[in-house]
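Each chain gets a letter, A, B and so on, in the order the sequences are listed, and its residues count up from 1.
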Amino acid sequence: MLKKRLVGVVTIRNGWAVQSFGYRRYLPLGKPEILIENLDRWGADEILVQCIDRSVNGAGPDFDLLERIGRIGVSTPLIYVGGIRDAVDAVRSVKLGADRVAVDAILRDCPEQLVKISKELGAQALIADLPVRLEGDCLRWLDYRNRREEALSGSILNVLEPRCVSEVMLSDWSHEGSPQSFDEALVNAFPLADMPLIVFGGLSTAAQMQRLLERSQVVAAAVGNFLSYEEHAIQTFKRALKGISLRPAVYSTHGY
Amino acid sequence: MHKPLTCTRCLYSTDHPLGLTLDEKGVCSGCRIHEEKDRLDWGLRWSRLVSLVAPYRATSGKTWDCIVPVTGGNDSYFIVHLVKERLGLNPLLVTYNKYFNTPLGIRNLANLRIRFNCDILMQNVNPLSVKNITRTSLREFGSMYWPCLAGQTVFPVQTAVRYKIPLIIWGAHQGLEQVGMFSHEHEVEMTWRYRKDHDLIGHEADDLLSIFDTLTEQDIWQYRYPNDSSLNAVGVRGIYLGNFVRWDPKAQHELMVERHDYRGTRFARTFDTYDHVDCYNFMDLHDHLKLLKHGYSKVTDHACREIRHGRLSRDQAVRLVRHYEAQPLRHLGKFCEWLGVEARSLEFIMNQHRNPNVWEEEKHGCWVRKEMIAVSQSDNTDVEQTLGFQAHAELNNGERDRYIVIGKGYPT
């Protein structure tokens, strides 16, 4: 049986790692490389690096950052998100050290690129990032660049359906950064019942993660801000998650 | 062209080395988080602290309840006051010998131990290793203070592991206070990540070793952070009092002057008389290096803090900063003598680390700021009198002006 995963999220804006709250308010944290090195040290199962201003500015992926991360030599699998415009960008991101890539803006702008990226990298290396919230029973999908929402419609779901992506990251953007606020009804409302989900946004307690990870469709819980407040946050969550098939918490015996 | 943005309230820019964000109104994250000081229920927050420390009270009477890092300056008196007199804990004080000790700082530290009747441990790393590391950190990343920062932040953690005392109590979190890295309600704790990223400027002790340098493992091993397994076995955690107390260094120091005879002094390069009185270099050479590398010096930190507390207007703050950051160094000779380096050699090294976004060399050896806010020359006496920072002694406390190096080689 495949293990479930606890994913550490590093959000980057203007080159700085930041705490992000509801996709609109930000607090500085530090240098992305050092946060990534720290998540590797803590034994996160995967690290998701999301550069949130690259698509807004049309800057493309942050290849310099990927090179710097590559030089750290982390052993944790890395997902890169931010500014990917086409298969060329995606392939280059992987060549520079990302194990997988996630896409958001091109799902809207150029969904056909998804198939091309999937062909180049394989579906296992491609994740669709969907910032959503519930309005009544309807899932509303946010374009974070202009903060407009639309119903999560058949057109995008049809692209995801043929399995050109391996997982969908369901991001509860409106609760991002607020403790214990992830809207678990988002999972029920997501229409592709057999699509593996990474859940993100407002996950701050092990009890929340436990409930979500017990659902067969949820394969990973992703946490950002809440990993920055104390030492060994990943290990603490892992130790508190009972009966979930996760890699165990590890405490390194190497000095620093 | 690189163009940092400056906060519309305080004087910090987006080039701040800890990082800084501005909101849609141009107000920085530090100023926004500072607003919490007037919004939060501090009585409630104090009761959270009381509950947090309760399980750490030792019942055997044979050990200490917690570790408190101290110096002969900064907020040490207030921290020990809160820990011992208000929380009723029995702390083990720990202090790292930074070698640049002032007679006033030594006096303040001695008085602290006597007044609060606390046990204290001092870490003395051998002076040759400290000098070797200082040469390397100066040359490699323009820091003459790396050993001090590394020692002050690692010795308490090493002591926690060695003596199996899990709780370390620090004062305020610098990242929260200066740039609003966290909300007070996040109750951020001590982490290896923050220390490496910000206190150590991204360089752990082992990162200093290079085949192109003479620095060896024998020099740096005492600055190594305990491993995760050791930290976990003891359950080490470090908390910050600033998350639970409305932190106001000026008011706190004034209280400590009155109650416990803390003593401040006048500095050439800032108006604050209470901060870092234990060190000849923090407000002097280290401060100058900060100006070269980042384009601002400690007086800006003090001015921003006073703006946020409503005791300075932005215009007054700009004038104070422009006056103080232009003041010449007073204690360079002592450092050159201690390190065994010529002043010109030191200047050469320092110039290698000038920030090209801030400085340009007009002609050989003549550096000027690229952009300087025009400020009318004015007398700041009234402003400083209103602020009311008090001095009680000279840095040398009436003695000979030299480093009190303690341990090996006292007094010089």
Is it true that S171(A) and D129(A) share a donor-acceptor pair across their side chains at a distance under 3.5 Å?
yes

Shorter than 4.5 Å, heavy atoms on both sides: which option in R193(B), E204(B), E189(B), R224(B) has the most such pairs with chain A?
R193(B)

Among W192(B), Y225(B), F182(B), Y223(B), the residue with the most heavy-atom pairs under 4.5 Å to chain A is W192(B)

Chain B contacts, top residue of E230(A), E37(A), R41(A) (heavy-atom pairs, under 4.5 Å):
R41(A)

Contact origin within E24(B) toward chain A - heavy atom pairs under 4.5 Å
neither

Toward chain B, the part of H254(A) with a non-hydrogen atom under 4.5 Å
backbone

Under the criterion ring-ring contact (aromatic ring centres under 6.0 Å, His included), which of Y240(B), W42(B), W46(B) is the partner of H184(B)?
W42(B)

Candidate pair D228(B) and S252(A), rule side-chain hydrogen bond (donor to acceptor under 3.5 Å, both in side chains), full reasoning:
CA-CA 5 Å; D228(B) 293 317; S252(A) 171; 4.7 Å; no

Between S183(B) and E36(B), a side-chain donor and acceptor under 3.5 Å
yes

Looking only at V236(B), D197(B), T14(B), D206(B), most heavy-atom pairs under 4.5 Å shared with chain A are made by D197(B)

State whether R140(A) and E150(A) are salt-bridged, where the test is any N-O pair (Lys NZ or Arg NE/NH1/NH2 against Asp/Glu carboxylate O) under 4.0 Å.
no

Can we say D23(B) and K25(B) salt-bridge, meaning some charged N sits less than 4.0 Å from an Asp/Glu carboxylate O?
no

Looking at R92(A) and D89(A), is any side-chain nitrogen of the basic one under 4.0 Å from a carboxylate oxygen of the acidic one?
no

For S230(B), which atoms come within 4.5 Å of any heavy atom of chain A: side chain, backbone, both, or neither?
neither

Heavy-atom distances under 4.5 Å only: say whether I33(B) touches chain A with side chain, backbone, both or neither.
side chain

Return the option, out of N14(A), V18(A), N38(A), with the maximum number of heavy-atom pairs under 4.5 Å with chain B.
N38(A)

Which bit of H198(B) is near chain A, if near means a heavy-atom gap under 4.5 Å: side chain, backbone, both or neither?
side chain

Out of Q235(A), R24(A), Q19(A), R25(A), return the one with the most heavy atom pairs under 4.5 angstrom to chain B.
Q19(A)

Passing option when I244(A) is tested against K3(A), K4(A), K238(A), M209(A) for side-chain contact (heavy atoms from CB on, under 4.5 Å):
K4(A)

